[in-house]
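In what follows, chains are A, B, ... by sequence order, proteins preceding strands, each numbered from 1.
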Protein chains: 2
Amino acid sequence: MQQELEKINQQLIRSQYKMTHQREATIRILLENEEDHLSAEKVYMLVKEKNENIGLATVYRTLELLCDLHIVEKMNFGDGVSRYDLRSDEHEHMHHHMICQICLEVKEIKDDWLKEIELRVQKEYGFKVSDHRLDFMGVYNNCNGKDCKKEDKLLA
Amino acid sequence: MQQELEKINQQLIRSQYKMTHQREATIRILLENEEDHLSAEKVYMLVKEKNENIGLATVYRTLELLCDLHIVEKMNFGDGVSRYDLRSDEHEHMHHHMICQICLEVKEIKDDWLKEIELRVQKEYGFKVSDHRLDFMGVYNNCNGKDCKKEDKLLA
DNA sequence: GTGACTGCAAAAGGTTTGCAGCGTA
DNA sequence: TACGCTGCAAACCTTTTGCAGTCAC
């Protein structure tokens with residue numbers, strides 16, 4: 001995790017950006033919550049919880065910057081806020097997601113199952129795919145919907 | 001198209017909703033632009049262009065209603081507005097989309113290529129899929145990006 | 001030292017809501 | 001007639017922007 005942080009820092013510097021406390025704090029939060037899909041507001045709260053000084057506008061600006069550098073992916077699950085997800089190390093494709101309609105939990109599938117289908121898109125539609133997004137809506141077999149009520153998730 | 005309209009009307013009535021001019025006009029616009037992915041604002045404009053009286057709030061309320069009935073699908077391509085897409089007749093799955101990064105055109109793939117993959121999600125992750133969303137980002141082989149400038153699309 | 005970066009507050013969208021009046025069944 | 005639906009305007013919420021001051025290099 002320290003070395004991933006370092007890697008991203010280097011990437012910023014290489015691209016002529018300055019490394020500030022706020023940017024580092026933001027990246028650290030993203031790394032610590034790699035499995036989640038944080039909203040800007042949530043990142044802001046988590047940074048402040050650590051007694052680091054930061055403004056919400058800076059969080060937005062940093063996230064946009066990381067997006068431009070393809071370090072994070074901005075996504076939208078339709079609940080009115082944008083969420084940000086670290087791309088995996090190889091910076092290859094976005095993850096696939098499973099969104100449980102009972103508990104609203106979003107889990108990731110890190111395999112890339114679409115290679116074949118992308119070839120088909122290329123062949124049948126003349127469309128060269130450079131990235132994709134695949135979300136499944138459904139229900140976990142073992143979702144009890146008790147310890148993970150919708151309202152809680154929406155507030156989270 | 002007339003019979004599709006009729007079908008949706010019946011569905012509304014069956015669900016105890018009233019059939020009003022505004023609702024019918026909205027549905028008609030959606031049917032006439034089935035290939036597009038209209039924003040609420042765009043639907044509003046198109047209805048007004050026909051000299052039908054309607055308020056933007058009503059458009060939003062109607063689209064939400066149609067969403068609840070699974071007649072349209074609300075989606076978000078990350079440009080800050082929600083877009084609405086008629087589900088296909090069988091109301092089965094959402095379409096797949098190809099989003100061109102040069103001209104921003106969104107085209108549909110109506111085949112469902114994910115049956116096998118959904119089985120795999122079920123087996124490997126214990127997640128019962130009821131719907132999915134698949135978007136491809138990339139470039140059309142023959143996209144010239146001339147007659148379809150980004151700015152135009154964003155305003156459209 | 002200088003240009004990039006930050007925080008604040010205000011502005012800017014898109015979407016939702018309260019309410020009085022209207023129209024459908 | 002009664003209740004649902006509509007239009008308007010205000011409210012709301014997330015995100016962006018302008019600007020003066022600060023900080024990294």
Side-chain angles (χ1 to χ4, degrees), chain A residues 8-27 29 37-48 50-69 72-84 151 154-156, chain B residues 8-27 29 37-48 50-69 72-84 151 154-156:
Chain A
I8 295 174
N9 287 357
Q10 290 308 322
Q11 206 173 337
L12 280 196
I13 290 162
R14 208 182 320 127
S15 307
Q16 317 271 13
Y17 293 107
K18 295 187 176 168
M19 182 46 55
T20 64
H21 295 137
Q22 292 88 339
R23 286 181 179 163
E24 181 157 337
T26 301
I27 294 166
I29 289 298
H37 303 76
L38 303 177
S39 62
E41 188 80 34
K42 195 76 196 285
V43 171
Y44 171 67
M45 281 165 43
L46 290 172
V47 172
K48 294 218 98 170
K50 292 197 168 180
N51 295 316
E52 307 252 16
N53 213 39
I54 200 169
L56 183 53
T58 301
V59 172
Y60 274 106
R61 283 188 278 230
T62 303
L63 289 171
E64 191 189 356
L65 172 63
L66 294 173
C67 235
D68 290 347
L69 294 176
V72 310
E73 187 70 38
K74 182 178 180 179
M75 51 186 56
N76 199 306
F77 293 118
D79 58 350
V81 294
S82 295
R83 290 169 186 280
Y84 300 84
E151 307 81 60
L154 288 171
L155 291 170
Chain B
I8 295 175
N9 286 357
Q10 290 308 322
Q11 206 173 338
L12 280 197
I13 291 163
R14 208 182 318 127
S15 307
Q16 318 272 10
Y17 293 106
K18 294 189 175 166
M19 182 47 53
T20 64
H21 294 138
Q22 291 88 340
R23 286 182 179 162
E24 182 157 336
T26 301
I27 295 167
I29 289 299
H37 304 76
L38 303 177
S39 62
E41 188 80 34
K42 195 76 195 288
V43 171
Y44 170 67
M45 280 166 43
L46 290 172
V47 173
K48 294 217 98 170
K50 294 198 170 181
N51 294 316
E52 307 252 15
N53 213 41
I54 200 167
L56 182 54
T58 301
V59 172
Y60 275 106
R61 283 188 279 231
T62 302
L63 289 171
E64 191 190 357
L65 173 63
L66 294 173
C67 234
D68 290 347
L69 294 177
V72 309
E73 187 70 38
K74 182 179 180 177
M75 50 186 56
N76 199 306
F77 293 119
D79 59 350
V81 295
S82 295
R83 291 169 186 280
Y84 300 84
E151 307 83 56
L154 287 171
L155 291 170

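Remark: B:Phe77 engages B:His37, B:His97 in a ring-ring contact (aromatic ring centres under 6.0 Å, His included) (not counting sequence neighbours). Qualifying side-chain hydrogen bond (donor to acceptor under 3.5 Å, both in side chains) partners for B:Glu73, counting only residues two or more places apart in sequence or in other chains: B:Arg87. Contacts of A:Lys50 classified as side chain to side chain contact (heavy atoms under 4.5 Å, CB included), with partners at least two apart in sequence or in another chain: A:Arg28, A:Ile29, A:Glu32, A:Glu52. Legend: residues meeting side chain to side chain contact (heavy atoms under 4.5 Å, CB included) with B:Asn9, ordered by chain and number and at least two apart, are B:Leu5, B:Glu6, B:Met19, B:Glu24, B:Ile27. Applying the salt bridge (Lys or Arg N to Asp or Glu O under 4.0 Å) test to B:Glu41 and every residue at least two apart in sequence or in another chain returns nothing. Remark: B:Ser82 engages B:Lys74, B:Asn76, B:Tyr84 in a side chain to side chain contact (heavy atoms under 4.5 Å, CB included) (not counting sequence neighbours). A:Tyr17 meets the ring-ring contact (aromatic ring centres under 6.0 Å, His included) test with no other residue; sequence neighbours excluded.
Annotation: of the two residues near DNA chain C, A:Thr62 and B:Glu64, the 5′-most nearest-nucleotide partner is A:Thr62.
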Derivation of the side-chain contact (heavy atoms from CB on, under 4.5 Å) call for A:Thr26 and A:Thr58 = CA-CA 9 Å; A:Thr26 301; A:Thr58 301; 5.9 Å; no
request  = Give the intermediate values and the outcome of side-chain contact (heavy atoms from CB on, under 4.5 Å) for residues B:Asp79 and B:Val81.
outcome  = CA-CA 6 Å; B:Asp79 59 350; B:Val81 295; 3.6 Å; yes
Hey, what are the protein-to-nucleotides 21-25 of chain D N/O distances that come in under 3.5 Å?
from, atom 1, to, atom 2, distance (Å)
D:dC25, OP1, A:Met19, N, 3.3

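Each end of the helix from C:dG1-D:dC25 to C:dA25-D:dT1 gets its own axis, taken as the rotation carrying the C1' atoms of four end pairs onto the next four within a five-pair window, and the two axes meet at 40° to the nearest 10 degrees.
The separation between A:Glu24 atom CD and C:dC5 atom P is 15 Å, rounded to whole Å. As rounded to whole Å, 15 Å separates atom P of C:dG23 from atom CZ of B:Arg23. The distance from atom CD of A:Glu52 to atom P of C:dC5 is 18 Å, rounded to the nearest whole Å. Atom pair B:Leu65:CG and C:dT17:P shows a separation of 15 Å (rounding to whole Å applied). The CG-C1' distance, from B:Leu12 to C:dA25, rounds to 14 Å in whole Å. Summarising the geometry, the separation between CD on B:Gln16 and P on C:dT24 is reported as 18 Å, rounded to the nearest angstrom.
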ask   = What one-letter contact string describes nucleotides 7-15 of chain C from 5' to 3', where B marks a base within less than 4.0 Å of any protein heavy atom, S marks contact via sugar-phosphate atoms alone, and - marks no contact?
value = BB-----SS
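For the pair B:Leu12/B:Leu65, a side-chain contact is recorded, criterion being any heavy-atom separation below 4.5 Å from C-beta on. Counting heavy atoms from C-beta on, the side chains of B:Gln22 and B:Asn53 never come closer than 4.5 Å.
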